[in-house]
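Take a look at the structure set out below.
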Amino acid sequence: MVAPIYIIAVALGLAFLLGLLKSSSTNLGSLLMLAGLAFIAFVSGQWLYEFLINGRATEMIFTAGFKPPFSINLRMGMQEALLTTMINAAGLLSGLYLIDTLKKTGINSMTVLLVFVMSLNVIVMTRDIFNLFVFLEISSIATAGLVLLSSKGNAFQAGMKYLIATGIISGLFLIGIIFSYLYAGSLNIDELNAAHIMDIKGGAIAIFIIYVSVILELKPFPANGWGIDVYTAAKPGFSALISSGTATAGLYVAYKLLPLGGETWLPYFTIIGAITFIGSNLMGTRQQNPNRLLGYSSISQVGLLLMILGLSNQLGDNTLFIAFSILISHYAAKAGLFWLSGIVKSQNLEGWAVLRKQPFMLFLFGTFIFALIGFPPFPSFFGKWQLIMELATQENYLWMTLILTGSFIEAIYLFKWLGFAIKLDVPSNIVMKFEWNKYLPVYLMALTLYVIGFYVSPMVEGGAFINYIPLLFVLALFALDFLPVFVKNTISIAGIIYYMVDLFSQLENDLMRQIFAVIFLGGAVLTLMAGYNKKGTRAGFYPMALMMFAGLTGIIEANSMLEFFFSWEIMTAGSYFLIIRGKRSMPHGYSYMLFSIGGAYALLFGFALAYASGLDTTIAALGHITQLTTLAYTLLAVGFMTKTASLGLHIWLPGAHGEAESDVSPMVSAILLKAGVFGLMLLFLYMGTGTEGGDKLLYVLGWVGALTTLVGNLGAVFQEDAKRLLAYSSIGQLGYILFAVSIMTQLGWLAGFTYTINHFMFKAILFLVIGGIVVKLGTHNMYEMGGMIKKMPFSFIAVLISIIVIGGIPPLSGFAGKWLFYHAIIQKGWYFQGAVIFFAGIIAFLYLFKLIHSVFLGQLKDNHRNMKEISPWILIPSYLLIIGIMIFSAFPQKILQPIGEMLSVYFPESLHWEGTKAYTSLGYWDGTTIMIVVMTAFILLLGWLVLMSKKIKKVEQFNIVYAAERPFRPETTHVSYNIYAGYKKAVGFLVTPVVEIFWDSMSALLFDFAGWLRRIYSGNMQNYALHVVLFIVVFYLIALGGL
Amino acid sequence: MDYSITKFLWTLLGLFIVLNWGMLMSSTMRRIGARVSGRFGIPWYQPWIDLTKLYSLKSQVSHGAMFFLGPVFRLMGGVGIFLFLPIIYGSDHWSNYSFSGDLILILYFQFFGMLGMALGAGEGGHPHSAIGISRGLSQFTTIEVPMTLAVISLAIQYQTLSISDIVAAQQGGFTTWTLWTNPLATAAGMLSLLGAFGHSPFNLVKAPNEIPIGPPTEYHGVFLGVLRTNGAILHVAEAALFMNLFFGGATNWVELIVKTFLIYFWSVFVGTVFPRFRIEQSVRWFLKVPTIIGIIAIIIFL
Amino acid sequence: MEYIILISGFLLVLIGLWGILSQKNLIKIILGFTVFNTGINIVMVTVGYVKGKTAPILDVISPEEALTSIVDPVPQALVLTAIVIGLGVTALMLVYALKLYQDKKTLDINNFKDLKW
Amino acid sequence: MEKENKNIPLVKTKTFINPENEKRSVTAPDGSIIEIDPIKDYFCQDRPKEYKVRSGAVEKFLNWARAESLWVLGFGTGCGSIEIPPLVTPRFDMYRYGVQMRPTPRQSNVFIISGYLSVKTLKRAIRSYEQMPSPKYIIALGSCTINGGMYWDSYNTINRLDHYMPVDVYIAGCMPRPEALLAGFAKLKELIKAGKAEKANEYVRNLDWYKANQKKIIKDWNMPDYNW
């Protein structure tokens, strides 16, 4: 065992030794420096290992052989070991990363770096407040020194600002130290903490001064302009160290000093933390410079951690876990991002598209972003989960709201950035050069995130049960990404089928989950089959698709809320990448992600309330929510409704589904949307009827569903883009489902299930076929198509059957839904909602006709003459689904009866079967007979026409009665564009994009506010100093001045 | 559930009667229209002659498979409504195949023919066809609003959606008809019927002299014959539906003939008086007066 | 007497702050900063001073007497350290001022606003 | 009856193609180039075939039905078209005789060439005629259709309709009154009932002769010869 004191000794010794070297021997110097950094990293790592594995007790190190208060003492415990290891690792990697720069600037800078890392170590370890001050100062000076690594003019300015501000702060800290010494008679932190300075007259001032300076060191919003500039101006390699190392150390200082003031001071930490978290994130939304953006993000994360410290008395034993898991995510992600920024060398976010030249780096970039937002499987996910759960048990709703709001704002800019990197044109003027010393640190940090995430997950209640097997499969596909599509597709399909078989054995008695398992995994197989017609490797597609399906499976399997939420987020992440693959998908993927994250936070809030109601982590906890019951259910419903794209939350869908790739659209539309449906069904089953708030919620949701249907269907009517039309149609169909399940009767739910199954089948067919056609014809615009029936008869039949189902025309299965709907609505008494629903249902015919007419009928365009039928790999799954539709249509009783029986557990039975005939109190319906009657009659009538027909002359497209003239061109004869102009004139006001306008103005408001607010960062260092002073004054007035 | 041959033959007979009555009704209506303008009009047997001629034309062109199937779908739509409608109350023979579904089935079976016709005409490739269909569908969405409201109102009133039960509830004399027991629903339904029959002012699907003659522009000969056959059946079947819903149904053929005639006459009567709407006027109109009446028809039951 | 020193110490702190916040010339700001530091040092020394006792230097008095006769040595030690650190910081600031001057040929801080927002 | 080409002097004709209808090429989505011939590609190129003329009781009945259900194409060519609208008024009321107007050639049997026929209109008339389903009939109204009438030496109208289209019934006069038209219909009915109105077949049989005649005066064919 190497004593921790060697960390200081070796670092300082080396620093002096470096000073003795000739200034030209930079190679030797850098080797020595790296060796030193490696050594101290080894020492702290060794201690960490001891604590973790051997359970060693905390060690106190007394310098000069005296005990406190007569000597400075250091402590090496679990926490210190962990933090110093983190700091030293960051230090080592940064040193490695910066090695070229350091060599260029000379040996002195290496010395400073060593001293800097050492000072951070001491800050963490020391138990002496004055020693703390000294090393804080040393770290400040070292920081200011290292900023000079960047020889740009603005680095000088930034360093100057930093020096002035920290000078004021440290002066203040000194006064605080001397006064607390005066009152407590000791400089030892433990003794200070035990001294109850608060109780002494005037002691509060001492504590105030210490706290304000400690907090100011953490760069609280808005008194942090000086800190941001350093992040911006310093070399990214060093910014990484500031962000990960200094912040870590600074937070630990705050943590160490927390007991000094006791609980009365905690709320101030929380408030300042919250302000910093939200304020900095707001600033982040307006940043164009990646480093500055990362600076704001760093500060916001520190704010969040400060909040957590402030809430430590409420979080109890979990504080450290929460703080650590968020800290480590911030640490690794921010360091990684800063280092990446040094590799990319772009002064604006748009330049990051260059990452696409090196897909693995893009992957790492995504990893860091997702880790920052708190997606699984990264530690921050678990930390945030635990944080929110604990806050909810303490009924601390305000802080929950603020944390989630802040996180959301953070997502706004981080995902914008990620979207830029994934979708913008690769800039030609930026070159990414591979340098192992720069790439290795990035790799390691990403690896850290995954490892730690896996490591911390069992520490959360319920986290031990998370099923990582699907994720491992995804990982395997990542590894196999170089293989051609055919192989990967086969592997994926085989894997899914295997897993489905396995899953079914677990779901034996749960019909609802079985149905959704068929939709999710069966749908996955069918839609993946369409992938066989793609060529090349299709890089990145399969891992992401499988990630989405893994998430979907996880939702079905989940027993606890954590597992559910975990899978939900995995699914969201996977689908985001799938959606953003489309050519013009960037803005749509972005809005999808934002709505998803917003929805996920609503879910999180709801889950937290459920957890807090009975400290029950299973999903069954949704059944007995006692805290803010109505709000909880509303939030959960809203959360799920972001996925079902209900009214108000639907604006992401048309673009996301419309612009996605041809086989991604069916995945996200036919399958992914059902995740929201599954969630809603689960929620409503647990919620049940009869509660006052619940019933009101259901009533509102019923209206929302009805209006969603209307808006979705009307929106589809006026689309010219085939896939957008289908996307709007999805909104409408999901509105039906929301409405149906909101009815909360057996009939309503049967209708809901019918719609779910139907929508899965027909929307998969439609998106597959139309997607295939869109690709083949090279246009989304329906008015540029036409006449495809002759070229693609099989596609036409598939689409025809689908639209018959959508329209609810007997004898196909769509009618089952309509019939159940009418009966459910009249039984329930929701007449007007019902009327809206049926109005919308008939509007569906408008867009269905437009779709099939514009694409398949009418005039064939010149450039499509040589078209062939679309790929059989698209048609095969479509026709398999058609077989499904036909079976469902001919034997609805076979499927609906078991569902009805399952539902009769939850709802009074309102539908019974006699053979193939269904009865309600209102009427009856016999799908099988209808099928027989219609088929027979149709065949007879067809026979009649054939019998009466004469020899038929088949004519060409322009052989039409055209006032005895010829049409000029097909384009001028094909009636499709704005075909419902008259309708638009009459009811077009209903499609005013009110919701879009609302969200647009909301985001404009946010950005304008951020833009207005950031004017405080005027760039003038005196202003920044003034901010510091004002911060002190305001804090004083609030904390002690009675404000 | 009776799938026997006898049942089939009875139904076929019923269909035959309805077809002929439909043709007679249409010629009568045209004669009435002629008399209004001071003419004699067509002979009463003209529809039969026209039909014979259409079926006997000697050349036929086709734009494709869907063009060919369109009229079949259309005819199936009309025949289907007839098949699922209990045409004579209390009669086993004339209840057709109404045991397979209730009112909702008929409401949605209307779309069967519409869709098929739309697709068939669409494949014809004539611009007027598409324009006519787009108008027809647009108008139909709003026609169905008062109709839906009326149906919901009836369902609340009678607590059933079975047509036979609705008719049964109206038995017992003139005053027990829905017309008197639920006049608002009847009003909404009868206003929506104006659109469903497509006479002036709502004849903008075919819109003679404007987009001559809308969807069937390309249809001729046998196709047109099938369409005309359907027209005759459909008019009677739809009128019979309204008769069942609002006017006490019919217990025998005579009653059916009188009632369907009067119901159909209502739309012809309005048609001879009013000129054609533009599409947006029609859409707006249906969303105003008839819809409001329909809403009130529900509100009074709340 | 101690109070006068204490108050004057605080006064120096305030004067220093005023200098930092109001002067436009970088050198003057740094001067303000040193004034600020000096004030703090004075405050620290004053806090540790006990009336009527001597300096904590052991070669004048015996260790036994020291416990009762010397002032608290810790603040003085602190001040010494603080002065050293202040020196370091001031030196670094002056270097920065020099660099800034070389960069823009001016010492007016209003010219150093390249980084903002 | 075989027509002879003598009646018309042989003149070398030059065809004129509207620039809009010249051959062009478009790019398919997959990048290949497709040649478009706007005159031919969009149209069915096949020649029409004669339909079978049956006899017997059934055919007699059907002929009666055809005679009693004359659907007239609403296409007015010359000044005679003004004489057609009165037919639907109470005074003449042609509906009584089973004569009705149809807006599209596809649904019409009878084509009334109502007066002088300019070359430009002739082209349209031929097309409309060809688009009507067989059996179809032409009633030529007024002197102009017989010999050009007052336009006999016009540079731009035809003189003898039956050089271009097979005429079943001529109604002479300038202009014939609606009553004459009714008489024409009666005559046509007689012919149909007698099975003598099979001019559609004659048109098909002598298609080359008709086409040659038509092409002599119509220079800008922008469609194939026969319009389905």
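Basis for what follows: all heavy atoms, side chains included, without hydrogens, waters or symmetry-related copies. Each chain gets a letter, A, B and so on, in the order its sequence line appears, and its residues count up from 1.
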Check your understanding: Which residue out of A:Ile979, A:Val961, A:Val987 racks up the most heavy-atom pairs below 4.5 Å with chain B?
Key -> A:Val961

Exercise for review: Could you look at B:Phe301 and say if it's the side chain, the backbone, both or neither that has a heavy atom under 4.5 Å from chain A?
Suggested key: neither

Check your understanding: Would a 4.5 Å heavy-atom cut-off, applied to side chains only, mark B:Phe68 and A:Ser949 as touching?
Key -> yes

Check your understanding: Checking B:Leu302 against chain A: side chain, backbone, both or neither under 4.5 Å from a heavy atom?
Key -> side chain

Exercise for review: Report the relative orientation of the aromatic rings in A:Tyr822 and B:Tyr108; use parallel for angles under 30°, tilted for 30 to 60°, perpendicular for over 60°.
Suggested key: perpendicular

Practice item. Find out whether A:Phe845 and B:Phe140 are in side-chain contact, i.e. whether some heavy atom of one side chain is under 4.5 Å from a heavy atom of the other. Key: no

Review point. Is the backbone of B:Gly125 close enough, under 3.5 Å, to the side chain of A:Gln859 for a donor and an acceptor to pair up by distance?
Key: yes

Review point. Which heavy-atom pair separates B:Gly122 from A:His853 by the least distance, and what is that distance?
Key: CA-ND1, 3.7 Å

**Study point:** Heavy-atom side-chain contact between A:Phe815 and B:Ile104 under 4.5 Å
**Key:** yes

Check your understanding: Do B:Thr291 and A:Phe839 come close enough that some side-chain heavy atom pair is under 4.5 Å?
Key -> no

Review point. Counting heavy-atom pairs under 4.5 Å to chain B, which of A:Leu922, A:Leu942, A:Thr928, A:Thr973 comes out on top?
Key: A:Leu922

Exercise for review: Tell me, please, which residues at least two apart from A:Ser910 pass side-chain contact (heavy atoms from CB on, under 4.5 Å).
Suggested key: A:Gln746, A:Leu747, A:Gln827

Review point. If you measure only the distance, is there a donor-acceptor pair under 3.5 Å linking the side chains of B:Ser100 and A:Tyr924?
Key: no

Review point. Which residues satisfy the side-chain hydrogen bond (donor to acceptor under 3.5 Å, both in side chains) test with A:Lys850, sequence neighbours excluded?
Key: A:Glu720

Point to revise | Winner by heavy-atom pair count (cut-off under 4.5 Å) against chain B, out of A:Met948, A:Lys951, A:Lys984 | key: A:Met948

**Study point:** A:His823 side chain to B:Asp102 side chain, donor-acceptor N/O pair below 3.5 angstrom
**Key:** yes

Check your understanding: Given that the side chain runs from C-beta out, which part of B:Gln159 has a heavy atom under 4.5 Å from chain A: side chain, backbone, both or neither?
Key -> both

Exercise for review: Find out whether A:Phe832 and B:Ile299 are in side-chain contact, i.e. whether some heavy atom of one side chain is under 4.5 Å from a heavy atom of the other.
Suggested key: yes

Check your understanding: Based on non-hydrogen pairs under 4.5 Å, which of A:Leu848, A:Ile825, A:Val934 is most in contact with chain B?
Key -> A:Val934

Review point. Hey, is the main chain of A:Lys950 close enough, under 3.5 Å, to the side chain of B:Gln60 for a donor-acceptor pair?
Key: yes

Check your understanding: Given that the side chain runs from C-beta out, which part of B:Leu105 has a heavy atom under 4.5 Å from chain A: side chain, backbone, both or neither?
Key -> both

**Study point:** Intermediate values then yes/no, side chain to side chain contact (heavy atoms under 4.5 Å, CB included), A:Ile930 and B:Tyr97
**Key:** CA-CA 9 Å; A:Ile930 294 173; B:Tyr97 291 90; over 6 Å; no

Review point. Do you know which of B:Ser62, B:Ser153, B:Pro212 has the most heavy-atom pairs under 4.5 Å to chain A?
Key: B:Ser62

Check your understanding: Would you say B:Arg284's side chain and A:Lys985's backbone share a donor-acceptor pair under 3.5 angstrom?
Key -> yes

Point to revise | Nearest heavy atoms of A:Tyr980 and B:Ser138, plus distance in Å | key: CD2-OG, 3.5 Å

**Study point:** Contacting region of B:Phe73 [heavy-atom separation from chain A under 4.5 Å]
**Key:** both

Check your understanding: Where along residues 786-799 of chain A does a heavy atom come under 4.5 Å of chain B, listed by residue number?
Key -> A:Ile789, A:Lys790, A:Phe796

Review point. Does anything in residues 219-232 of chain B get under 4.5 Å of chain A by heavy atoms, and if so which residues?
Key: B:Val222, B:Phe223, B:Val226

**Study point:** Heavy-atom closest pair, residues B:Val61 and A:Ile952
**Key:** C-CG2, 4.2 Å

Review point. More than 12 non-hydrogen atoms from neighbouring residues, nucleotides or ligands closer than 6.0 Å to CZ on A:Phe968, yes or no?
Key: yes

**Study point:** Pick from A:Trp925, A:Phe821, A:Tyr962, A:Phe849 with the largest number of heavy-atom pairs that fall under 4.5 Å of chain B
**Key:** A:Phe849

**Study point:** Spacing of B:Thr148 atom OG1 and A:Ile842 atom CD1 [to the nearest 0.5 Å]
**Key:** 4.5 Å

Study note, to complete from the structure: Greatest number of non-hydrogen atom pairs under 4.5 angstrom with chain B, of A:Ile803, A:Val717, A:Ile826, falls to A:Ile826

Check your understanding: Can you tell if the side chain of B:Leu119 reaches within under 4.5 Å of the side chain of A:Phe856, non-hydrogen atoms only?
Key -> no

Check your understanding: Taking the side chain as C-beta and beyond, is there a heavy-atom pair between A:Ile960 and B:His63 under 4.5 Å?
Key -> yes

Practice item. Sort B:Ser56 into side chain, backbone, both or neither according to what part of it lies under 4.5 angstrom from a heavy atom of chain A. Key: backbone

Practice item. Quick one: which of B:Ile152, B:Ile279, B:Leu103 has the most heavy-atom pairs under 4.5 Å with chain A, could you say? Key: B:Ile152

Review point. CG/B:Leu115 to CD1/A:Ile852 distance, rounded to the nearest 0.5 angstrom?
Key: 7.0 Å

Review point. So, do B:Leu149 and A:Tyr831 sit near enough that their side-chain heavy atoms are less than 4.5 Å apart?
Key: no

Practice item. Might you work through the side chain to side chain contact (heavy atoms under 4.5 Å, CB included) test for B:Ser134 and A:Val975, ending with a clear yes or no? Key: CA-CA 10 Å; B:Ser134 80; A:Val975 178; over 6 Å; no

